[in-house]
Amino acid sequence: KPTLNRQQKLFHFFQRSIASKGYLETVTWSFTDSKINQLFHENKSQIQIVNPISSDLNVLRNSIFSNLIIYLKNNLDRGFKDISLFEIGPIFSGHKPGDQQTVISALRSGKVSRLNWLEKERMVDAFDAKRDVIQSLMEAGFDQNKLFINDKTPGYFHPGKSGAIYLNKNEERPVAYFGEIHPNIIKKFDIKTETLAIFEIYLDNIKKTERKLKDQKAQYKY
């Protein structure tokens with residue numbers, strides 16, 4: 001019998017897929033700072049922790065970006081310019097055991113091909129996030145031509161530079177979001193970067209594909 005179920009296989013597959021695109025994996029607490037979390041919680045209620053281990057880890061995170069943004073800023077403040085981070089893990093929308101989802105959140109800051117004499121350097125943008133998401137979905141067995149994209153994204157995304165990806169036009173729940181982060185968040189955190197592209201993939205919204213999961217590269221149409 002297989003040792004891993006389908007969701008566990010998806011978890012490890014996307015973990016490898018995102019890492020293969022140059023992102024470094026982080027492992028952070030499921031707790032976060034309520035002041036930061038409120039920028040990403042959308043319509044979800046903040047889940048207070050009765051006995052937090054510290055005052056700045058006083059709620060369960062509604063979004064992994066609540067923690068990723070902290071570590072991004074710490075690295076930028078130390079002089080690192082081009083940073084690609086991701087984390088895969090739970091986010092919480094309520095107190096009950098079923099009120100959580102498994103999500104991949106990722107962000108990229110700075111420039112592409114900085115100091116590369118073969119390619120011209122440029123800022124990372126929403127299209128970089130879009131490419132990474134779609135390529136990972138294709139590697140998991142989904143047909144790029146069937147994917148449906150609209151502009152209905154959470155409030156922490158840039159309203160004019162973001163999109164939601166559905167596995168097809170008939171799906172009610174998006175499988176992923178991509179784009180640039182909202183400028184107000186960059187301003188509020190005083191994040192010292194030229195640009196910041198982000199994406200999320202909701203593993204619980206991924207249905208079974210016709211092809212089996214294979215850890216291999218897929219050709220992406222630019």
Side-chain angles (χ1 to χ4, degrees), residues 14-26 28 36-37 39-40 42 61-89 91 103-116 119-140 144 147-166 174-203 218 220-222:
F14 277 101
Q15 191 176 36
R16 293 192 300 269
S17 178
I18 302 302
S20 72
K21 295 168 180 58
Y23 292 82
L24 297 176
E25 184 176 10
T26 70
T28 67
I36 298 174
N37 188 66
L39 298 172
F40 300 98
E42 291 296 283
R61 64 187 181 191
N62 294 128
S63 168
I64 294 177
F65 288 129
S66 302
N67 288 336
L68 281 185
I69 203 82
I70 298 172
Y71 292 99
L72 171 79
K73 179 172 171 55
N74 289 345
N75 279 278
L76 289 171
D77 290 346
R78 292 188 182 104
F80 297 100
K81 295 181 179 180
D82 307 323
I83 302 169
S84 299
L85 301 175
F86 86 97
E87 181 168 347
I88 179 170
I91 61 172
V103 179
I104 301 170
S105 296
L107 47 78
R108 293 185 67 182
S109 70
K111 292 184 177 181
V112 177
S113 302
R114 190 191 296 267
L115 303 178
N116 187 332
E119 299 179 39
K120 186 177 180 180
E121 68 179 38
R122 62 172 177 81
M123 306 280 192
V124 297
D125 56 29
F127 293 102
D128 291 303
K130 178 183 178 183
R131 177 200 61 214
D132 291 339
V133 171
I134 292 181
Q135 187 171 348
S136 293
L137 291 173
M138 289 174 61
E139 290 169 3
Q144 179 188 356
L147 298 178
F148 175 71
I149 300 176
N150 65 26
D151 59 358
K152 297 178 181 179
T153 55
Y156 45 86
F157 281 85
H158 192 299
K161 298 179 181 179
S162 60
I165 300 177
Y166 298 77
V175 71
Y177 297 106
F178 68 88
E180 295 180 22
I181 203 165
H182 199 289
N184 289 346
I185 295 178
I186 291 181
K187 185 177 180 180
K188 187 175 182 66
F189 279 94
D190 189 26
I191 297 174
K192 298 176 177 62
T193 183
E194 295 95 334
T195 186
L196 182 55
I198 62 176
F199 69 79
E200 293 178 304
I201 300 175
Y202 289 76
L203 296 190
Y220 177 74
K221 299 177 183 177
Y222 290 92

Indicate yes or no: at least one non-hydrogen side-chain atom of [X] is less than 4.5 angstrom from one of [Y].
X      : Y      : value
Ile69  : Ile191 : yes
Ile88  : Ile18  : no
Ile149 : Phe178 : yes
Arg108 : Ser84  : yes
Phe189 : Leu39  : yes
Ile70  : Thr28  : no
Val175 : Tyr202 : no
Asp125 : Lys161 : no

Which residues pass the side-chain hydrogen bond (donor to acceptor under 3.5 Å, both in side chains) test with [X], not counting sequence neighbours?
X      : result
Asp128 : Arg122, Arg131
Ser66  : Asn37
Lys111 : Glu121
Thr195 : none

Exercise for review: Sequence neighbours left out, what passes ring-ring contact (aromatic ring centres under 6.0 Å, His included) with Phe40? Give chain and number order.
Suggested key: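 ring-ring contact (aromatic ring centres under 6.0 Å, His included) list for Phe40, sorted by chain: Tyr156.
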Point to revise | Residue list, ring-ring contact (aromatic ring centres under 6.0 Å, His included) with Tyr23, at least two apart or on another chain | key: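 ring-ring contact (aromatic ring centres under 6.0 Å, His included) list for Tyr23, sorted by chain: Phe199.
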Practice item. Assess whether side-chain contact (heavy atoms from CB on, under 4.5 Å) is satisfied between Ser105 and Glu87, documenting all intermediate values. Key: CA-CA 6 Å; Ser105 296; Glu87 181 168 347; 5.8 Å; no
Practice item. Determine, step by step, whether Ile91 and Asn62 satisfy the side-chain contact (heavy atoms from CB on, under 4.5 Å) criterion, reporting the C-alpha distance in whole Å, the side-chain angles of both residues, the deciding distance to 0.1 Å, and the verdict. Key: CA-CA 5 Å; Ile91 61 172; Asn62 294 128; 5.9 Å; no
Check your understanding: Can you name the salt bridge (Lys or Arg N to Asp or Glu O under 4.0 Å) partners of Asp151, sequence neighbours left out?
Key ->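 Asp151 satisfies salt bridge (Lys or Arg N to Asp or Glu O under 4.0 Å) with no residue once adjacent residues are dropped.
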Exercise for review: With sequence neighbours left out, write down each residue that passes salt bridge (Lys or Arg N to Asp or Glu O under 4.0 Å) with Glu25, or none if nothing qualifies.
Suggested key: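 With sequence neighbours excluded, Glu25 shows a salt bridge (Lys or Arg N to Asp or Glu O under 4.0 Å) to no residue whatsoever.
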Exercise for review: Output all residues satisfying side-chain contact (heavy atoms from CB on, under 4.5 Å) with Ile83, sequence neighbours left out; order by chain, then residue number.
Suggested key: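 For Ile83 the side-chain contact (heavy atoms from CB on, under 4.5 Å) partners, ignoring immediate neighbours, are Leu72, Asn75, Leu76, Phe80, Leu85, Ser109.
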Point to revise | side-chain contact (heavy atoms from CB on, under 4.5 Å) partners of Asn150, counting only residues at least two apart | key: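 For Asn150 the side-chain contact (heavy atoms from CB on, under 4.5 Å) partners, ignoring immediate neighbours, are Phe148, Lys152, Ala164, Tyr166.
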Practice item. For Phe14 and Ser136, run side-chain contact (heavy atoms from CB on, under 4.5 Å): C-alpha distance rounded to whole Å, both residues' side-chain angles, the deciding distance at 0.1 Å, then the answer. Key: CA-CA 7 Å; Phe14 277 101; Ser136 293; 4.0 Å; yes
Between [atom1] of [X] and [atom2] of [Y], what distance do you get to the nearest 0.5 Å?
X      : Y      : atom1 : atom2 : value
Ser17  : Asp132 : OG    : CG    : 8.5 Å
Glu139 : Ser20  : CD    : OG    : 5.5 Å
Leu68  : Ser63  : CG    : OG    : 8.0 Å
Asn74  : Arg78  : CG    : CZ    : 5.0 Å
Leu196 : Lys73  : CG    : NZ    : 12.5 Å

Point to revise | Where Thr153 and Ser162 come nearest, the two heavy atoms and their spacing | key: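 The answer is OG1-OG, 3.0 Å.
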Review point. Between Gly110 and Asp82, which heavy-atom pair has the shortest distance, and what is it?
Key: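 Heavy atoms only, the tightest pair is CA-OD1, 3.4 Å.
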Exercise for review: Please list all pairs passing the side chain to side chain donor-acceptor pair (under 3.5 Å) test where one or both residues lie in residues 178-190, with sequence neighbours left out.
Suggested key: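 Every pair satisfying side chain to side chain donor-acceptor pair (under 3.5 Å) with a residue in residues 178-190: Asp190-Lys192.
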